[in-house]
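Just so we're on the same page: letters track the sequence lines, and every chain starts at 1.
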Amino acid sequence: MKFSNMLIPTLKEAPKDAVLPSHIYLVRGGFIYQVASGIYDFLPLGKRVLDKVRAIVKEELDTAGCQEVQLGLVTPAELWKKSGRYEKYGAELLRFEDRKGNEFVLGPTHEEMMVEMVKQFVGSYKQLPMNLYQINLKFRDEARPRFGLMRGREFIMKDGYSFHADQEDMVREFELMEATYRKIFTRMGLDFRVVEADSGAIGGEGSKEFMVLADSGEDTIVVCEGCDYGANIEAAVRKAPEAPAEAPEAELNRFRTPGIKSIEELSKFFSVDPYYLVKAVAKKALYDGGKSEIVIFYLRGSDELQEVKAANAVGANELEDASEEELRAAGLTPGFMGPIELIRNAGVIEGAPTFREEAAHPNVRQVFDENLKNADHMICGANEEDYHLVGCDLSVLKDVTFKDIAQTQEGDACARCGGRLHYTKGIEVGHIFQLGTRYSEPLEATFLDANGKRKPFEMGTYGIGVSRLLAAIIEQHHDEKGCVWPAPVAPFEAVVVIGNVKDQQQKEAGEKIYDALKEAGVDVLLDDRSERFGFKMKDFELIGFPCAVVVGKKLADGVVEVIERSTLEREDVAIERAVDAVKAKLA
RNA sequence: CGGGGUGUGGCGCAGCCUGGUUAGCGUGCUACCUUGGGGUGGUAGAGGCCGCGGGUUCAAAUCCCGCCACUCCGACCA
């Protein structure tokens, strides 16, 4: 392929709103072009990279026994209604009607479609297991697309679905997919971490994310310095923090704390470590069918609420901040909320001075962080303006829910090895789920087992953000000059740059080397443009081919230069050795 | 969804506050010349309904109203 014939619109200037290196270089290098918010066209170079990424994904999946199919992007709304996601998926699901008024959606993911297909043709345990996937466009009407290919509305995703006769087999496949994904991302030259993820209300037992480590990542992940534990912050667990030595000893009592509302103020007021304060976070939990309720989550003052964990703890779809009015309507006193009625019910506060009956709030759901189990010497809100309770012993509480709802903090100890945990940022490029029968049941996708019994499929689902991978790769592989593509995903493995195309000898030598490289199986591009030397070198660096062969001035001595993009080191080699030198660089 | 910003030749921007020449600059594009190891220099060109609609005015890129698009921060993101 000749550069002069290709559509490679490299740009000198960065698009005005691009912030991330991947966004800037993919646009400047002529890989992609924005059509609308979150929607990109792939230009020839971008398409080539995309195809290479796809090919790697396909090769590894096929090796693992998966089968590629292709489902329609437009899917009947009916299926989505059946699975209950038509309403639930929300505004991200792009809905529309055809000319007859039939409802459709643009598929944001294809569980329903795939289940429907399998249901149609798979009826016996003898056909199981089966793992089907596609690499196809998806559409999610994101509220806020950004960062180029990182978070688009239209994007390419590999989505796979496996079907099994029992859970053990599904788990086996899950592990096979984890191993396969590791191979895929390793081949692309990515530095990634496999982390525990929130499987939330959707997933079954297990869910893991594949995170490419990059500061620009949108996810915070918690990793252990001592072992290979890693988790998305939404799912990260820790060893219970140690108690600070000076516990505030006190008799259970009601204490006037005028205007002291925040944990910080309270800590100062009593000169007590926040560890011994009870933080009450009230949220409005939203459920299916538009139902909602106020829930109070209690944590140690030294902890923060992890909202995903909290939502899971009450089975809510979502948590919203509750307004002050809503709290008061529920009988709560913002700034002074506490588990007071529980203490009263436990019979401890009897006889305490001027207990106000109306401060109790028996109708609000409450969840305690597991770190408050048996907590003693605590200070908490009295649910009464300007009052707190001191000397609270939470171990007397009966029938209350304890859950892990606290956010793991940097510096906490690893639950597995006790090592120090720290935060890092990651780009989610893969996610694997153990789904169980969550879709097969409502969609009535069943098979006959060995005993002739009808059972729903046990399912797993596995995704890879294919177009996002392009961005992730560049986030990890770039320098101040541009992209530095790892050879397996580079648009071309090498470029032959003719220093001056008007120099007949350079031109002929360049073409010869180009032919020889092609002959040798190298994916090579010939930069035969009538541009100046510097211009072509800048393009080489910006686009980021792994390797360049410069046919220029030294040709007179029978020498060409071979430049490695990653190091920008150049090496003079005799013309005859050019092919070998390139192959050595690519190896 | 909440709050801000911006829309001017392909790209990046100035002009707007304070209404009034032919809407300007850089880059890119075309032709010719020049140069040929790090975005060479020159000459001559083409390319704009100043986002859309309405209003104010003798006169609107500029002021006012509405809409749309893009974008940034946040919320959200199985």
### Task
Rounded to the nearest angstrom, tell me the gap between atom CG in A:L319 and atom P in B:A75.
14 Å

### Query
Between atom CE in A:M211 and atom C1' in B:C77, what is the gap in whole Å?
12 Å

### Query
Base, sugar-phosphate, or nothing for A:T109, non-hydrogen atoms under 4.0 angstrom?
base

### Task
Write down the distance between CD1 (A:I39) and P (B:A69), rounded to a whole number of angstrom.
12 Å

### Task
Would you check if there is a donor-acceptor pair between the side chains of A:S216 and A:E475 at a distance under 3.5 Å?
yes

### Query
Hey, does the side-chain of A:E13 have a donor or acceptor N/O within less than 3.5 Å of a partner on the base of B:G28?
no

### Query
Can you tell me how far C1' of B:C73 sits from CZ of A:R144, to the nearest Å?
6 Å

### Task
Could you check whether A:E531 gets within reach of a base, just the sugar-phosphate, or nothing at all, counting any heavy atom under 4.0 Å?
base

### Query
In whole Å, what separates the C1' atom of B:A14 from that of B:G24?
7 Å

### Message
Checking A:K425 now: which residues fulfil side-chain hydrogen bond (donor to acceptor under 3.5 Å, both in side chains) with it, not counting sequence neighbours?
### Response
A:T220

### Message
Suppose we call a contact any N or O donor and acceptor under 3.5 Å apart; does that hold for the side chain of A:R532 and the base of B:U35?
### Response
yes

### Message
With rounding to the closest Å, how many angstrom separate the P atoms on B:U56 and B:C11?
### Response
34 Å

### Task
Indicate whether OP1 or OP2 belonging to B:G37 is found under 4.0 Å from a side-chain N or O atom of A:K553.
yes

### Message
Would you call the rings of A:H478 and A:Y25 parallel, tilted or perpendicular, taking 30° and 60° as the class edges?
### Response
tilted

#### Entry: Backbone of A:Y423 reached by a side-chain donor or acceptor of A:E410 within 3.5 Å
yes

### Task
Classify the side chain of A:Q506 versus the base of B:G37 as yes if they form a donor-acceptor pair under 3.5 Å and no if they do not.
no

### Task
List the atom of A:V573, the atom of A:A578, and the distance in Å for their closest heavy-atom pair.
CG2-CA, 4.0 Å

### Message
Work out how far the P atom of B:G15 is from that of B:G42, and round it to whole angstrom.
### Response
26 Å

### Message
OP1 or OP2 of B:A69 versus the side-chain N and O atoms of A:S37: is any pair under 4.0 Å?
### Response
no

### Atom-pair distance (CZ on A:R468; C1' on B:C77), nearest Å
9 Å

### Task
Tell me what A:D17 touches on the nucleic acid: a base, only sugar-phosphate, or nothing, going by heavy atoms under 4.0 Å.
sugar-phosphate

### Message
Work out how far the P atom of B:C16 is from that of B:A61, and round it to whole angstrom.
### Response
14 Å

### Selection from B:G38, B:A78, B:C72 that lies nearest to any side-chain heavy atom of A:V19
B:C72

### Message
Whole angstroms only, please: what is the CD-P distance between A:E92 and B:A75?
### Response
15 Å

### Counter-base of B:G45, judged by Watson-Crick or G-U geometry with both distances under 3.5 Å
B:C29

### Query
Using the C1' atom in both, what is the distance from B:C17 to B:U27, to the nearest Å?
29 Å

### Task
Scan A:G499 against the nucleic acid and name what it touches under 4.0 Å (heavy atoms): base, sugar-phosphate only, or nothing.
nothing

#### Entry: Closest-nucleotide ordering on RNA chain B, the 5'-leading residue of A:V501 and A:E111
A:V501

### Query
Reckon A:E541 touches a base, only the sugar-phosphate, or nothing at all at heavy-atom distances under 4.0 Å?
base

### Task
Taking salt bridge (Lys or Arg N to Asp or Glu O under 4.0 Å) as the test, write out the residues that go with A:R565, two or more places apart.
A:D479

### Query
B:U57 and B:C65: how far apart are their C1' atoms, nearest whole angstrom?
16 Å

### Message
Distance check needed: B:A78 C1' versus A:I432 CD1, whole Å only.
### Response
15 Å

## Note on the structure
Closest of B:C13, B:G38, B:C70 to the A:K16 side chain is B:C13

### Task
Please state the P separation for the pair B:U62 and B:G51 - nearest whole angstrom.
8 Å

### Query
Are the side chains of A:I464 and A:Y181 in touch, meaning some heavy atoms are under 4.5 Å apart?
yes

#### Entry: Proximal nucleotide (of B:C72, B:C77, B:A75) relative to the A:A143 side chain
B:A75

### Message
Could you tell me how far apart A:H23 (NE2) and B:C70 (P) are, to the nearest whole angstrom?
### Response
13 Å

### Task
For A:M157, report the nucleic acid contact type (base, sugar-phosphate, nothing); a contact means any heavy atom under 4.0 Å.
base

#### Entry: Parallel, tilted or perpendicular: rings of A:F540 and A:F545 (30°, 60°)
parallel

### Task
Just compare B:G38, B:G37, B:C76 and give me whichever is closest to any side-chain atom of A:E561.
B:G37

### Query
Considering heavy-atom distances to RNA chain B, does A:R140 or A:G552 have its closest nucleotide positioned more toward the 5' end?
A:G552

### Nucleotide opposite B:C76 in a Watson-Crick or G-U pair, distances under 3.5 Å
none

### Task
Provide the distance between the two P atoms, one in B:G66 and one in B:A59, to the nearest whole Å.
23 Å

